[in-house]
**Student:** 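My structure is below; once you've seen it, I'll send some questions.
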Amino acid sequence: MTDFPKLSEGILGEEDIPKTNTELFLALVGQYFPEAIKDGEVDFTALKEEMGEFAEVGAEHYDFTWAGKQAAKKEAMADIFGRSLRYKPQDSLNPDSTENLYIEGDNLEALKLLRRNYHGKIKMIYIDPPYNTGSDFVYRDDFSMTQEELDELSGDVVDGVRFQKNAEGGSRYHTNWLNMMYPRLRLAKELLSDDGVIFISIDDHEVENLTQICNNVFGESNQQAIITYVRKTSGKQDSTNFMRSTEYIVVYSKSDAWDCSPIIAEEKVTDRFNKTDEDGRAYRETDLRKTGNADRREDRPLMWYPFYFNPATNDLIVSQAERPDLVQNGYVEIYPIKPDKSEGRWRWGFSSAQENIANLVARIMPKYKAENKYTIYEMDYIDKNGDVKTVKEHTYWDRKPFNSDNAMQEFKALGFSNQLFPFPKSCALIKHMIYLANCDDAIILDFFSGSATTAQAVMQLNAENGGHRKFIMVQLQELTEENSEAYKAGYKNICEIGKERIRRAAKKIHEEHPEAQFDDGFKVFEVGNTTIRWNTADDEAVRRIEDIDYSTGMKDDIDFTAGHNDIDIVYEIMLRQYGIPLSTPIERLDSISDRTYIFADSVVVCLDPETTTELIEKLAAIEPTPAKYILRDSAFNDDIELKDVSFRRLSALVQNHQPEAVRKSKYNNFTVEFI
């Protein structure tokens with residue numbers, strides 16, 4: 001009898017990890033479980049924890065830890081059951097053509113639900129998580145720990161509320177934040193591509209803890225930067241002595257494969273490289289003297305030394321001491337004399353001048369032409385290869401477009417009140433990070449999306465430089481306060497503000513860039529209960545189902561949950577396929593039946609309640625042959641023989657429909673699964 005595989009109830013499924021030799025094993029463990037590598041060797045205790053086996057709390061040794069770390073690890077690794085993404089076409093914009101997604105709901109659940117479809121597919125993640133200022137976030141507090149364990153570890157009592165505010169005065173103040181962040185960052189790493197990068201906004205409440213977590217998750221060697229940027233330049237009178245005017249952006253790559261986009265020198269700078277050497281490379285000549293008011297010989301005496309130049313031979317020599325013998329042989333002595341004729345200094349020390357003397361030339365100073373006095377110029381090339389000059393990105397961003405005042409102006413420019421959403425992020429700030437991420441045609445994820453500034457930044461940058469970036473926004477449906485401006489304006493939760501911002505931003509970008517072609521739509525999904533009755537029925541429901549006769553035509557009540565529809569069922573099946581994005585269109589195959597669908601031109605889902613010979617023949621005739629057919633178990637009425645005969649008939653008919661070359665190909669293969 002043929003084995004009939006069931007569609008996986010969970011999202012994760014089974015993954016094979018190759019173990020060929022010690023070197024490969026170390027490399028793989030280091031890539032996926034950096035916490036398990038200690039001094040170049042595998043810490044098998046730590047590795048067991050990464051694989052889901054945890055020691056008793058009393059057996060833990062010194063490490064960056066907190067009350068509930070092991071539970072947070074378990075949470076990150078645990079599969080997700082009974083949850084799915086429910087499509088909301090009424091909230092979507094241009095859903096038939098867009099590749100963008102907006103997901104409403106708990107981001108931990110959303111990340112797990114995205115794990116198969118987007119594993120290793122996200123090039124950039126930006127998040128602006130709660131800063132843990134005392135009441136700025138709600139969190140799940142249902143980790144798998146007993147009350148006694150929590151009391152012992154933290155001294156607090158958990159009241160069982162699923163989402164609750166994080167009180168600054170509580171002894172679990174930092175612990176709650178760490179337990180909230182850790183599993184989400186673990187999942188974020190799984191979603192990142194090998195050349196991917198994550199940018200995380202934070203302030204000084206948790207920047208140290210965030211860095212420690214990221215070192216654990218991504219590996220300390222993959223820390224790219226901790227950027228300080230000026231959030232605001234003006235303050236207000238309050239009870240504190242110091243105004244916090246800066247925040248941080250913590251940057252980690254998935255691996256050393258990430259390549260930061262170069263910062264190109266401005267055109268007005270490159271225009272200065274107006275000379276060409278014998279090899280055709282562009283350069284400019286820059287005076288080697290430091291001539292400012294503070295650039296005096298006595299301040300930096302080691303930067304004061306002579307050059308000797310022979311006008312007849314163009315020979316140039318640098319010396320640490322005076323050389324009268326060279327002067328006697330026709331050389332001109334050159335010191336760094338400032339325009340006011342005082343003694344200045346060189347920009348380079350003696351060793352640098354000696355090493356780079358081939359790029360130095362002597363020129364008569366225009367102001368001292370009558371006195372035949374020279375200075376030294378550096379031949380400053382655009383770069384070693386003669387390409388456009390690039391500069392390193394600074395880790396201190398003091399730029400007006402990045403600050404909170406400009407962020408609010410951007411928000412208000414879309415027609416929103418400044419009371420609607422108090423602290424939006426700067427679109428210019430996120431645009432700059434997207435540019436640095438080097439992802440012109442990639443997916444950008446923000447799972448603390450707030451007012452959806454990241455979505456606006458993606459569309460704006462695409463319109464400006466012709467990129468094809470896609471976004472995925474995830475936001476918890478946090479309710480707005482009834483006395484708030486947002487609630488009075490009709491926005492009952494933050495998601496409604498975010499979706500409206502995307503709509504308005506798309507319209508404004510089209511007005512500003514009428515010729516630009518960019519993806520201005522988004523599909524909306526909501527994290528919700530499963531539509532497929534896997535193992536979700538309680539005892540009473542099971543008894544009711546057992547009483548249902550298949551012949552009565554009530555199979556949908558047996559197979560699917562209340563409130564289901566076919567499209568949600570197909571999307572839930574899509575969530576269990578590797579590498580197929582949720583933006584993939586779903587097509588109904590009317591020629592087969594009104595409940596048969598196909599997506600990605602490779603997966604056919606037939607939800608017909610009865611399997612007939614005619615239906616099998618139509619499924620077999622689909623061209624090209626799908627990679628997978630998914631049918632309902634109940635369509636065979638518990639008749640195993642009918643199921644076996646139908647399976648064999650489908651296989652035979654598929655082969656008959658295929659051309660000989662396709663039939664004989666080693667890549668010709670399809671599977672049949674059942675729900």
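In this chain, residues are counted from 1 in sequence order.
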**Student:** Between the side chains of N117 and Y578, does any donor sit under 3.5 Å from an acceptor?
**Tutor:** no
**Student:** Can we say D556 and R595 salt-bridge, meaning some charged N sits less than 4.0 Å from an Asp/Glu carboxylate O?
**Tutor:**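 Yes.
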**Student:** Which word best sums up how the rings of F471 and F522 line up, parallel for under 30°, tilted for 30 to 60°, or perpendicular for over 60°?
**Tutor:**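 Geometry flag for F522 against F471: tilted rings.
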**Student:** Flag the pair C606 / L615 as yes when at least one side-chain heavy-atom distance between them is below 4.5 Å, and no otherwise.
**Tutor:** yes
**Student:** With the threshold set at 4.0 Å, does a side-chain nitrogen-carboxylate oxygen contact exist between D559 and R632?
**Tutor:**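 Counted as a salt bridge, because a side-chain N and a carboxylate O are separated by less than 4.0 Å.
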**Student:** Please tell me if the side chains of V672 and F647 come closer than 4.5 Å, counting only heavy atoms from C-beta onward.
**Tutor:**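 Answer yes - side chains close enough.
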**Student:** State the OG-NZ distance between S193 and K254, to the nearest 0.5 angstrom.
**Tutor:**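 Going from the OG atom of S193 to the NZ atom of K254 covers 7.0 Å.
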**Student:** Side chain of S92, backbone of V524: donor and acceptor closer than 3.5 Å?
**Tutor:**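 Pair found, side chain donor or acceptor close to backbone of V524.
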**Student:** Without hydrogens or angle criteria, can the side chains of N565 and D568 be said to hold a donor-acceptor pair below 3.5 Å?
**Tutor:** yes
**Student:** Is it true that D91 and K499 make a salt bridge, defined as a side-chain N closer than 4.0 Å to a carboxylate O?
**Tutor:** yes
**Student:** Enter the distance from L575:CG to L114:CG here, rounded to the nearest 0.5 Å.
**Tutor:** 7.5 Å
**Student:** Can you confirm whether T531 sits close enough to F560 that some side-chain heavy atom of one is under 4.5 Å from a side-chain heavy atom of the other?
**Tutor:**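 SC-SC contact between T531 and F560 ruled out.
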**Student:** Determine, step by step, whether F518 and H510 satisfy the ring pair (Phe, Tyr, Trp, His ring centres under 6.0 Å) criterion, reporting the C-alpha distance in whole Å, the side-chain angles of both residues, the deciding distance to 0.1 Å, and the verdict.
**Tutor:** CA-CA 9 Å; F518 64 94; H510 277 301; 4.4 Å; yes
**Student:** Is the shortest side-chain N to carboxylate O distance from R576 to E9 below 4.0 Å?
**Tutor:**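 Salt bridge absent between R576 and E9.
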**Student:** Any ion pair linking K123 and D195 (charged N to carboxylate O, less than 4.0 Å)?
**Tutor:** yes
**Student:** Output yes when R86 and E572 qualify as a salt bridge under the 4.0 Å nitrogen-oxygen rule, no when they do not.
**Tutor:** no
**Student:** Checking Q456 against R501: is there a side-chain donor and acceptor pair closer than 3.5 Å?
**Tutor:**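 Looking only at side-chain atoms, Q456 and R501 do form a donor-acceptor pair, the distance falling under 3.5 Å.
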**Student:** When the ring centroid of F670 is compared with that of Y629, is the distance short of 6.0 Å?
**Tutor:** yes
**Student:** Would E109 and R83 pass as an ion pair if we require N to O under 4.0 Å?
**Tutor:**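 Result for this pair is yes, salt bridge flagged.
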**Student:** Against Y597, only a single residue in V604, I569, I592, V570 fulfils side-chain contact (heavy atoms from CB on, under 4.5 Å); can you say which?
**Tutor:**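 With Y597 as partner, side-chain contact (heavy atoms from CB on, under 4.5 Å) holds for just one option, V570.
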**Student:** Any ion pair linking D106 and R184 (charged N to carboxylate O, less than 4.0 Å)?
**Tutor:** yes
**Student:** Using a strict threshold of under 4.0 Å (side-chain N to carboxylate O), is an ion pair present between R115 and D79?
**Tutor:** no
**Student:** Do the side chains of K470 and D441 get close enough for a salt bridge, i.e. N-O under 4.0 angstrom?
**Tutor:** yes
**Student:** Any heavy-atom pair between the side chains of S449 and Y102 that's under 4.5 Å?
**Tutor:**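 Yes - at least one pair of side-chain heavy atoms lies under 4.5 Å apart.
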**Student:** Does any part of the side chain of M181, heavy atoms only, come nearer than 4.5 Å to the side chain of P129, both counted from C-beta?
**Tutor:** yes
**Student:** Nearest 0.5 Å, what's the CG-CG distance between L192 and L187?
**Tutor:**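 L192 atom CG to L187 atom CG measures 11.5 Å (nearest 0.5 Å).
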**Student:** Between K6 and D633, is a salt bridge (Lys or Arg N to Asp or Glu O under 4.0 Å) present by the stated rule, with each step listed?
**Tutor:** CA-CA 9 Å; K6 296 277 286 184; D633 247 342; 2.8 Å; yes
**Student:** May I ask you to decide whether D566 forms a salt bridge with R588, counting only side-chain N to carboxylate O separations under 4.0 Å?
**Tutor:**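 Here D566 does not pair with R588 in a salt bridge, since their nearest N and O are not under 4.0 Å apart.
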**Student:** Measuring from F599:CZ to Q577:CD, what's the distance to the nearest 0.5 Å?
**Tutor:** 5.0 Å
**Student:** Just how far is it from atom CD1 of I616 to atom CG of L650, taken to the nearest 0.5 Å?
**Tutor:**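 Between atom CD1 of I616 and atom CG of L650 there are 5.5 Å.
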**Student:** Hey, are D639 and K643 close enough for a salt bridge, meaning a charged N less than 4.0 Å from a carboxylate O?
**Tutor:**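 Salt bridge: no.
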**Student:** Distance only, no hydrogens: is a donor on one side chain within 3.5 Å (strictly under) of an acceptor on the other, for N462 and D519?
**Tutor:** no
**Student:** Can E75 and K112 be counted as an ion pair, charged N to O under 4.0 angstrom?
**Tutor:** yes
**Student:** Can you tell which of K73, K69, R186 makes a side chain to side chain donor-acceptor pair (under 3.5 Å) with N216?
**Tutor:** K69
**Student:** Is the distance between the ring centroids of Y126 and F199 less than 6.0 Å?
**Tutor:** no
**Student:** Indicate the atoms forming the closest heavy-atom contact of F218 with I198, along with that distance.
**Tutor:**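 The answer is CZ-CG2, 3.8 Å.
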**Student:** Near K121 NZ, under 6.0 Å, is it more than 12 heavy atoms from other residues, nucleotides or ligands?
**Tutor:** no
**Student:** Does the side chain of V527 come within less than 4.5 Å of I103's, by heavy atoms?
**Tutor:**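 Sidechains of V527 and I103: in contact.
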**Student:** Does NZ or CZ of K523 lie under 6.0 Å from the centre of the six-membered ring of Y571, at an angle within 45° of the ring axis?
**Tutor:** no
**Student:** Keeping S253 on the side-chain end and V197 on the backbone end, is there a donor-acceptor pair under 3.5 Å?
**Tutor:** no
**Student:** Is there a donor-acceptor contact under 3.5 Å linking the side chains of D194 and S255?
**Tutor:** no
**Student:** Are E496 and K492 ion-paired here, with the side-chain N under 4.0 Å from a carboxylate O?
**Tutor:** no
